[in-house]
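Written below as structure tokens is the structure these notes are about.
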Amino acid sequence: MAKNDFLRDVWYYALPGGSLKRGAMVAKTLLGEPIVFARSREGKVFALRNICPHRAVPLSYGRFDGQEIECCYHGWRFDQTGRCKEIPALIEGDSLDLKRFQVKQYPVREVQGNIWIYMASNERKALPATDMEVPVVPFFGDKSYQLVVTLHFPCYLDHAIIGLMDPAHISFVHRSWWWKSGRSLFEEVKAFDPSPYGFTMRRHKIPNVALGYRLIGGGAPETEISFRLPGVRIEHVSTEHHNVCNLTAVTPLSETETEVTTLVYWTTRWITAIKPLIKPFVRAFLDQDRQVVIKQQEGLKYDPTLLLIRDADTQARWYYQLKAEFTRAAAEGRPFNNPVKTQILRWRS
Ligand code: FES
Ligand SMILES: [Fe+2]
């Protein structure tokens, strides 16, 4: 079922910047690759392959002085670019060329409080082969998120991503007093346009405003929702006086494990005051998606054919088309050609 066809030469969400303190390291496996993230004394984030080139001990078990990482096994030292700087066992005046022991360095960017990593298709192609930028939420400049929730989904990437753009599940999976009552299914008509490496649901007034949205205050909320490869959804809700953005990023850890991180940015000052109360709701919402994916795993074991039906599943179909086109464009060495065309979709949810 699962297949290692993760897109390459794209930026993936790695981790919230707040979880990596100065002088600290965090080990993480992304796309099946062991990576150590570290933040220098000066605050700069870097990422290296988390395997010592000497005898394979993960570098994250070593010591980091905020400048260099020292392997815990024989004390080899590596700088922030992965260059070997010292091999303690060598005698004075040894002419061994330390440059031979280079640990792979990954390009990283820290933007709006988030750390992104560029996963290249080949070792030598270090930096962005496409014009793809790190995703940013609109309106918030270089401000950081106010709230972050991360959950592990025990599934292949696609099943977690489809949940981000599947309008038909909302009334069933997210049935709760504070979001959707379940009794109310409304006909929706939404316009979509192609946008960089994805598509955007055109800005519109939110009908049947859920309690969660009403918290924002400042008049009738409008929303615009975009999706882009490899798995990032950005929702921008605005009222006359306030702005709320939600960035949800899906990153494959392996073929059977996926990490979903949802970050919320807001301007409504009093929401900050009740942040500890909101977080459990955000977590509960995301966990509803996770629980249904866990149930889905039971059926997927039998490798059934999956269906994409009518307009309600068109966004999911676009996702597969976007991915296929991205892969083809890379293989043929030509620019990406967005397969999504402007379209109106209708469904009930
Ligand atoms: S295994 Fe890292 S220094 Fe020997
Ligand atoms: Fe959902």
Side-chain angles (χ1 to χ4, degrees), residues 4-111 114-130 132-134 230 251-257 259 330-331 333:
N4 193 346
D5 61 353
F6 302 129
L7 296 185
R8 290 285 172 161
D9 298 325
V10 293
W11 292 95
Y12 281 93
Y13 188 87
L15 68 161
S19 61
L20 186 59
K21 302 276 173 264
R22 283 172 196 238
M25 297 187 277
V26 169
K28 224 168 157 167
T29 304
L30 301 179
L31 285 73
E33 296 182 24
I35 300 168
V36 55
F37 293 88
R39 188 187 293 281
S40 74
R41 219 182 279 147
E42 294 76 34
K44 200 171 152 279
V45 176
F46 64 96
L48 303 176
R49 179 170 162 85
N50 195 16
I51 295 184
C52 180
H54 184 214
R55 293 237 275 283
V57 172
L59 293 174
S60 57
Y61 287 122
R63 253 191 298 264
F64 178 47
D65 60 6
Q67 220 59 46
E68 292 179 353
I69 298 177
E70 180 189 273
C71 179
C72 72
Y73 201 174
H74 313 93
W76 289 25
R77 293 179 71 86
F78 301 91
D79 71 7
Q80 297 169 28
T81 67
R83 243 180 323 207
C84 182
K85 302 301 278 186
E86 194 189 331
I87 296 180
L90 294 183
I91 57 163
E92 194 86 26
D94 192 301
S95 63
L96 183 68
D97 183 12
L98 299 190
K99 279 210 250 355
R100 284 169 49 199
F101 313 114
Q102 168 80 37
V103 178
K104 178 181 178 181
Q105 182 195 19
Y106 292 84
V108 288
R109 295 252 192 290
E110 189 166 20
V111 179
N114 298 304
I115 299 168
W116 299 82
I117 186 166
Y118 187 77
M119 301 298 281
S121 56
N122 96 42
E123 307 263 321
R124 277 171 299 278
K125 230 198 284 170
L127 258 185
T130 61
M132 186 181 277
E133 300 282 337
V134 169
T251 302
L253 305 182
S254 68
E255 289 178 359
T256 55
E257 276 177 293
E259 194 167 72

Query raised in the report: To the nearest 0.5 Å, what is the distance between OG (S254) and CZ (F6)?
Result: 6.5 Å
Query - Minimal non-hydrogen separation, I87 against C84, with atom names - result: CG1-SG, 3.8 Å
Query raised in the report: Mind checking whether H74 and H54 have parallel, tilted or perpendicular rings, split at 30° and 60°?
Result: perpendicular
Query raised in the report: Given the rule in the ring-ring contact (aromatic ring centres under 6.0 Å, His included) test, do Y13 and W116 qualify, once you have shown the distances and angles that lead to the verdict?
Result: CA-CA 5 Å; Y13 188 87; W116 299 82; 5.1 Å; yes
Query raised in the report: Are E259 and K28 ion-paired here, with the side-chain N under 4.0 Å from a carboxylate O?
Result: yes
Query raised in the report: Is there a donor-acceptor pair closer than 3.5 Å between any side-chain N or O of N50 and the backbone N or O of P34?
Result: no
Requested in this report: Check the side chains of E33 and Y106 for a donor-acceptor pair under 3.5 angstrom, ignoring hydrogens and angles.
Outcome: yes
Query raised in the report: Are Y12 and L31 close enough that some pair of their side-chain heavy atoms sits under 4.5 Å apart?
Result: yes
**Report entry** Reported CG-to-CZ distance for the pair L30 and F37, which is rounded to 0.5 angstrom
**Finding:** 5.0 Å
Query raised in the report: If you take all heavy atoms of V26 and S19, which pair is closest and at what distance?
Result: CG2-O, 3.7 Å
Query raised in the report: More than 12 heavy atoms of other residues, nucleotides or ligands under 6.0 Å from CZ of F101: is that the case?
Result: yes
Report summary line: Looking only at heavy atoms, the pair that brings I51 and A56 closest together is CG2-CA, 3.5 Å
Query raised in the report: Got a second to check how far R63's CZ is from I69's CD1, nearest 0.5 Å?
Result: 12.5 Å
Requested in this report: State, yes or no, whether a side-chain contact exists between M25 and L48 at a heavy-atom distance under 4.5 Å.
Outcome: no
Query raised in the report: About how many Å separate CD of E255 and CG of D5, when rounded to the nearest 0.5 Å?
Result: 8.5 Å
Report task. State, yes or no, whether a side-chain contact exists between C72 and V57 at a heavy-atom distance under 4.5 Å. Result -> yes
Requested in this report: Decide if the gap between the ring center of F64 and the ring center of F46 is smaller than 6.0 angstrom.
Outcome: yes
Query raised in the report: Got Q80 and Q67 here, is their nearest side-chain heavy-atom distance under 4.5 Å?
Result: yes
**Report entry** Rounded distance [0.5 Å steps], SG in C52 versus CD in E70
**Finding:** 10.5 Å
Report summary line: S60 and V36 have their tightest heavy-atom pair at CB-CG2, 3.9 Å
**Report entry** Heavy-atom donor-acceptor pair, R49 side chain to I35 backbone, under 3.5 Å
**Finding:** no
**Report entry** Heavy-atom side-chain contact between I117 and L15 under 4.5 Å
**Finding:** no
Query raised in the report: Which atoms form the tightest heavy-atom contact between R41 and D65, and what is the distance?
Result: NH2-O, 3.2 Å
Query - Contact summary for A47 and V108, nearest pair of heavy atoms - result: CB-CG1, 3.6 Å
Report task. May I ask you to test the F78-P53 pair for a side-chain heavy-atom distance under 4.5 Å? Result -> yes
Report task. May I ask you to decide if E68's main-chain N or O and D79's side chain share a donor-acceptor pair within less than 3.5 Å? Result -> no
Report task. Find out whether R39 and K21 are in side-chain contact, i.e. whether some heavy atom of one side chain is under 4.5 Å from a heavy atom of the other. Result -> no
**Report entry** Heavy-atom side-chain contact between P107 and W11 under 4.5 Å
**Finding:** yes
